[in-house]
Structures are given as structure tokens and as C-alpha cells.
Amino acid sequence: MLTVAAVAVGAAVVYVVRSTPQYRTAFLLDTSGPGSPAEGRDFGALADAVGAAVRNSGDRDALSLRRFGGACGEPDNTRELVGSGTGNAQRISAAAHALTPGGRATLNSGLLAAIDDFSGRYPLRGSKRNRIVVVTTQGTDGCGGDPAAMNGQVRDRMDALGLQLEFRFVGYRVPAAEQEVLTRLASAVKAAAPQFTQDSAELNAVLEKLVVPTLPEAKPVEVPSQEVSVTACSRTGTPLGVTPAPAPPSVRLPGRLTVPAGAQVYAVDPKTYLMAPAGKTCTLVFYDSSVYRQVHVGEPPLDFEGFGVGLTEDVVTGVALDCSDFGKTAPELLKYLDGDPDATENTCKAQDTGRTVNIPTGVPGLYVGTIRESVAPDVKGHLRLLNFRGERPVTSRLICLLPKEQADICTASLVYHFLQQTAGTDISTADRDRVVSAIEAYVRSLP
């Protein structure tokens, strides 16, 4: 009997090992709508792209299909149509083409349910990779609610279940105003930046690259960095501490960052540079108060509210401004509240109302956030940073206010400032690209 039992156990182990897929991919498909092709809501293109992708997947890949879309709060606003398993390509393609779009985009319900699909012992998870591919025509949840809170629910669900999942977000004709929200969701779950497509050919190519084993996801090509000449800022006032050394005549930009047409680089000091419209005046002002320094590039030079690019840097003191931006995300702030009897952990967190949208950097002690302010018809990009990694913690605010046609300069300016803060850190390429993509999507979404 013992011999028979041992043989049975051994056979079961062999069966499980052979049955375990290397890759398990769950497709989460947006079936909200319906909309019209003219409005960018062509559901047929989504179904065709998913069908083509699964038919070209590996024979031993485990695939599944879940949809989201329907009435808010109803249990059937998301449903698994095809359970995970190998050989599912034809079933998934048929199920996708049989769907009729309708209802609101219940993205949050779909994500939470898709995570739960991986929580059981069976179907078996992939030995190499487990991921959820979200294919959507919208970037926001149609039932409203706080996007930051929803992102937290998704993270908490994965943590509670102890799952290691990869997310991939593919947008099809997602409105520009909603792309930032979807990018923040991807950042919250440490996923690659969403890939936004505008036509069926692009959509097919992106999905094929995600599922075909012989076509791995493309790694970013590191373009040689560009060395550019700089214009030094004039200085006013007396700096706190040691006077910074003069800036060099040129600087090498971070890889893949280029100077947009009509822009140039201005030097604040050997470690701080600003990207702004060319041919302007750059003025650096030092103060003897809690404000460390201000820099402005534009006309007139000291009008910090006018067109141009402005940078303000303060020494962190735990004042209300710091708490209102990062009170809930930067625990290091709490050690700077001791000198204020009215400042407590609770009051600091209460001041953080979510106006500043945090973008996780993956770097301990470095916090980045964006603020949305409407100044139509112009573009106003507002980047907030809190950096505890230097000799003294510094909070900075970079504001770029330019005409709409110079939005690309604002994008480069904000991205350049963030990249300078990562110098000397061990930020991963994936985290760096994710934050850069989030900043780019933020500027694109500005009214």
C-alpha cells in the first residue's frame, strides 16, 4: 500500500508540474459604452485586437477573459467570461465578439475581481509571470469616487492576498483628459506606463507584443545623452550658507531628454538647471527668511506669476504647505513638527486633502506630486517635490506657465527637474520611466 501511495503522490506531483503554465494572462476588457466610432468608442476594434492577440499566444499559456461595464454597485458589472486555462484562444475570441457594450466603465470593480481570480490555488498561477492586461477606452471609473482611494483599494487587495501580479494598461482612443488618471493608476500598482493607441493597427501591435513569447516587451533604447550650452542666471540677495559656485558653460542632459524647439537650458548653479523658453531673462533671488531661493525665467524677470518657468526651494520646516502636499505620504515630515505645539501627526495628515496628486518614485525619501490649476487658454504645469536625501531636506515647487503651443516646453521642464532630483539615487529604469510618463500624461491632460 505504501508503494502504491508513493507512486500516486509522485504521479500527482508530476501532473502539477507539467500542468503549471509558465505564463498566465488575464484580459480585462472594457465593455462600457456604447458610444460611436466617431467618438472613439469602437468596441469591434477591441474585440478584434483581443481575439488576434490570444490566437497568437503561446500554446501553453494560460489565458482568461473578464469584462467590466454596467450599472454602478451591481454585482454583474464585471464578470469572468472564460476561466484561466490553456487552449482558450478560440473561446476567448468568440466570447469577446459576442459581447454587447453598455453601462458605465466599472473599472475599479473589474480590477478588484480580476485580482481575486488569482487568489485561489486553482487555476494554477504561472511559474514565470502572472499579469492582468487591461484594455480600455476610458481612463476613469464611470461610477465616480476618489481615484486615489480606488488606487489604494487595488494595492491593498493585492497586499492582503499576498499576490505578485504585473499589470499592463492599454488604452484605445482614451480622451487626453483621462490619460493622466489611468497613468496614476499604473504608477500606483508599480506597472509600466499605459500605452495609448489611436487606431486598430496600433492596438493590435501593442497587444501582440504583450502576449507573443517570441516578441518580448520592448526595452527602452538608451539614446546617447545630449550636451547643451547653458545660460547662467543672474543673482540677487545673499544665499544661506556657502555661496554656490558658478555654473559651467554646458551641461549633459539625462538620457533621452532633449531640448524642445524654442527652448534652452538655464543654469542656477552647478547642480540645478531649468528648461524654459529661449531668449528670456533668468533671475535667481536669495532670501534670509525660511524661503531658501527663487528662480524665474521670463519677462519681466521678477514677476513670479507671469509667463515663464519659476522654481521656489525651501528648507523643510514642517509648515502647513509641506503637510498640505505630502502629509499622508511622507512620514519623514513628522520629525519636523516638534517646534510647533499645534502641529501633530493628525493635523498634518488632515491638511493633505489630495490636491497634490502623489506619484510614487520608488526612491526612499523622494516624493513627487502634481497640482492641477486651470488657466485656459494657457498651460500651467505645477510640480511639487519633497527630497529628504540631501544634507538638509528641501521642498521645491516648479511652475511652468506658457501658451498652449509651448506645452512641450512645460513637459520637458517638469521632467528635467524631476530627473535632477534622482541624481545619485538607485532609481530603477522602470520607476524612472513610469514617473516621467506620469508627468507627460499630466501635462497632456491640462485644460
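Atoms CG and CG, from Asn56 and Leu207 in turn, are 11.0 Å apart once rounded to the nearest 0.5 Å. Leu111 contributes atom CG, which lies 6.0 Å from atom CG of Leu185 (distance to the nearest 0.5 angstrom). Atom-to-atom distance recorded for Leu46:CG and Thr136:OG1 is 8.0 Å, nearest 0.5 angstrom.
Using modelled atom types, no side-chain atom of Asn204 and backbone atom of Ala201 make a donor-acceptor pair closer than 3.5 Å. With hydrogens and angles ignored, the 3.5 Å screen pairs no side-chain donor or acceptor of Tyr172 with any backbone N or O of Phe43.
When all heavy atoms are compared, the tightest approach of Ala438 to Thr183 is CA-CG2, 3.2 Å. Closest non-hydrogen pair, Cys72 versus Gly142, comes out as SG-O, 4.4 Å. Taking every heavy atom of both residues into account, Arg60 and Pro21 meet most closely at O-CB, 3.6 Å.
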Report task. With salt bridge (Lys or Arg N to Asp or Glu O under 4.0 Å) as the test, would you mind laying out the steps for Lys190 and Asp431 before giving the verdict? Result -> CA-CA 8 Å; Lys190 299 295 182 71; Asp431 282 334; 5.3 Å; no
Query raised in the report: Under the side chain to side chain contact (heavy atoms under 4.5 Å, CB included) criterion, do Met275 and Val259 qualify, and how do the steps go?
Result: CA-CA 8 Å; Met275 191 90 71; Val259 180; 4.0 Å; yes
Query raised in the report: Could you walk me through whether Arg384 and Thr370 pass the side chain to side chain donor-acceptor pair (under 3.5 Å) check?
Result: CA-CA 6 Å; Arg384 291 286 287 111; Thr370 57; over 6 Å; no
Report task. Starting from the C-alpha separation in whole Å, work towards a yes-or-no answer on side chain to side chain donor-acceptor pair (under 3.5 Å) for Arg355 and Ser324. Result -> CA-CA 8 Å; Arg355 175 173 175 260; Ser324 64; over 6 Å; no
Query - Stepwise side chain to side chain donor-acceptor pair (under 3.5 Å) test for His296 and Thr281 - result: CA-CA 8 Å; His296 185 263; Thr281 300; over 6 Å; no
Query - side chain to side chain donor-acceptor pair (under 3.5 Å) assessment of Gln264 paired with Thr231 - result: CA-CA 8 Å; Gln264 72 181 75; Thr231 298; 2.6 Å; yes
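In this structure, Arg24 satisfies the cation-pi test against Phe118, with its NZ or CZ atom closer than 6.0 Å to the six-membered ring centre and inside 45 degrees of the ring normal.
Environment of NZ in Lys349: sparse, with no more than 12 heavy atoms of neighbouring residues, nucleotides or ligands closer than 6.0 Å. The local environment of NZ in Lys404 is crowded, with over 12 non-hydrogen atoms from other residues, nucleotides or ligands closer than 6.0 Å. No more than 12 heavy-atom neighbours from other residues, nucleotides or ligands sit within 6.0 angstrom of CZ on Arg104. Counted within 6.0 Å of CD on Gln164, heavy atoms from surrounding residues, nucleotides or ligands total 12 or fewer; the atom is thus considered open.
Note: Tyr416 and Tyr273 have parallel aromatic rings, judged against thresholds of 30 and 60 degrees for the angle between ring planes.
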